Amino acid sequence: MFQIPCPDFSLADTLECGQTFRWRRLPTGGYAGWIEGRTVKVRQEGSALLVESLDSSLTPGRVARYFALDLNLAAILASIDVDAQAHDAIARHRGLRVLRQDPWECLASFICSSYNNIARIQGMIERLCRAYGVSVGFNGYQGYTFPTAEVVAVASERELRALGLGFRAGYLRSTARLIAEGRFALEPLRGVRYAEAKAALLHCEGVGDKVADCVALFGLEQYEAFPIDLWIARAMRYYFRRQKMTPKRLHDFAAKHFGAYAGYAQQYLYHYVRNLRRGTQDSRLKTQVKSSVLGLVS
DNA sequence: CGCCAGGTGCTGA
DNA sequence: TCAGCACATGGC
């Protein structure tokens, strides 16, 4: 057990904003999950992060890196605090940080995310880990590591479908083989320009615009990436009340409007609009707030 | 019990 | 370039 300083940080917003699928909230208020393949429990006490792991190789430095605590969040948020909606999102979820996740786990997870809901994505990934990962026990918590691309690559599509992956089974298998056979490498994409990283990701089957941006942002430190899903498209109606906007035009706008950390803006907006429904008790007010933000009220 | 979900690939204009 | 469509599934 050790603790590290975490100024300007919200563990709950960071782990529950939909960027990661393998953390579970504990009755104690903390979370159990994984960092760089090590199982771990974390809990926030003010501006300190309490970390519990049996694996001594999980150093404070690795944990701080995973949670991106080295980045100057105040500066990032100042750069994207450029309109009223972004301002509200930041005010509501301040401390949310974009994690530095393992790019392969990120890629596989978001291939599974297409045309799907978060609850089921979590279940699918859990079954994938149970079937192909390595069992690890720790202090009353037991789980399975995320399987390597090499292991997933040798699974049959039928076996993957049996885990409930549906039509994504073929995509995942195809992409796993690409990596396992050395025809595609993720790690080098961390150091190249955003456009180049995205173009490379698009060669994977099951990876389109949205998934490529998620992997670039959550796994490759490409903070310009701006994943556009259904919820963000709704949020963007705030800027374009009635115009028809293609995803390409939304991307161009986001890049110009939010700048180098557009990905942070995306994540704050995504978390913000999704939580508007549970934000207030009064359902009438709730509907008003939601409609207003989504640009549905004339 | 219908509706919906962090979309993608394919086809045809 | 872009609209239209099929694709599997289970949580809510």
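Here is the naming used below: chain letters follow the sequence lines, and residue numbers restart at 1 for every chain. Remember, predicted model here, so these are calculated numbers, not experimental data.
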> If the threshold is 4.0 Å, N to carboxylate O, is there a salt bridge linking A:Asp213 and A:Lys198?
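Salt bridge flag = yes for A:Lys198 with A:Asp213.
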
> Checking A:Tyr238 against A:Asp83: is there a side-chain donor and acceptor pair closer than 3.5 Å?
no

> A:Phe167 on top of C:dA8's base, within under 5.5 Å and under 30°?
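The ring of A:Phe167 is not stacked on C:dA8.
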
> In whole angstrom, what separates A:Asn116's CG from C:dC7's P?
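It works out to 17 Å between those atoms.
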
> Measure the distance from CZ on A:Arg168 to P on C:dG10 and round it to the nearest whole Å.
10 Å

> Might you work through the salt bridge (Lys or Arg N to Asp or Glu O under 4.0 Å) test for A:Asp102 and A:Arg22, ending with a clear yes or no?
CA-CA 12 Å; A:Asp102 173 69; A:Arg22 293 229 294 152; over 6 Å; no

> Rounded to whole Å, how long is the line connecting atom NZ of A:Lys248 with atom C1' of C:dA3?
18 Å

> In whole angstrom, what separates A:Arg161's CZ from C:dG10's C1'?
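Spelled out: CZ on A:Arg161 to C1' on C:dG10 is 16 Å.
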
> Expressed in angstrom and rounded to an integer, what is the separation of A:Phe21 atom CZ from B:dA5 atom C1'?
12 Å

> To the nearest Å, give me how far apart CD1 (A:Ile111) and C1' (C:dC7) are.
16 Å

> Answer with base, sugar-phosphate or nothing: what part of the nucleic acid does A:Gln122 contact at a heavy-atom distance below 4.0 Å?
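The residue A:Gln122 makes no contact with any strand.
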
> For the residue pair A:Asp55 and A:Ser53, confirm or rule out a side-chain donor-acceptor distance under 3.5 Å.
no

> Scan A:Cys17 against the nucleic acid and name what it touches under 4.0 Å (heavy atoms): base, sugar-phosphate only, or nothing.
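Counting heavy atoms under 4.0 Å across all strands, the contact made by A:Cys17 includes a base.
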
> Taking CZ in A:Arg158 as the centre, count heavy atoms belonging to other residues, nucleotides or ligands within less than 6.0 Å. Is the count above 12?
no

> Just the rounded figure in Å: distance from P of C:dT9 to CG of A:Leu165.
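Result: 10 Å.
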
> Among B:dA5, B:dT8, C:dC2, which nucleotide has an atom closest to any side-chain atom of A:Arg234?
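Taking heavy atoms from C-beta onward, the closest nucleotide is B:dA5.
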
> What is the distance, rounded to the nearest whole Å, between atom CZ of A:Arg120 and atom P of C:dT9?
7 Å

> Closest-nucleotide mapping onto DNA chain B: is A:Gly206 or A:Ile232 further toward the 5' terminus? I mean the 5' end.
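Between the two, 5'-proximity favours A:Ile232.
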
> I'd like the P distance from C:dA8 over to B:dT11, given in whole Å.
15 Å

> Judged by each residue's nearest nucleotide on DNA chain B, which is more toward the 5′ side, A:Glu205 or A:Gln19?
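Upstream on the strand: A:Gln19.
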
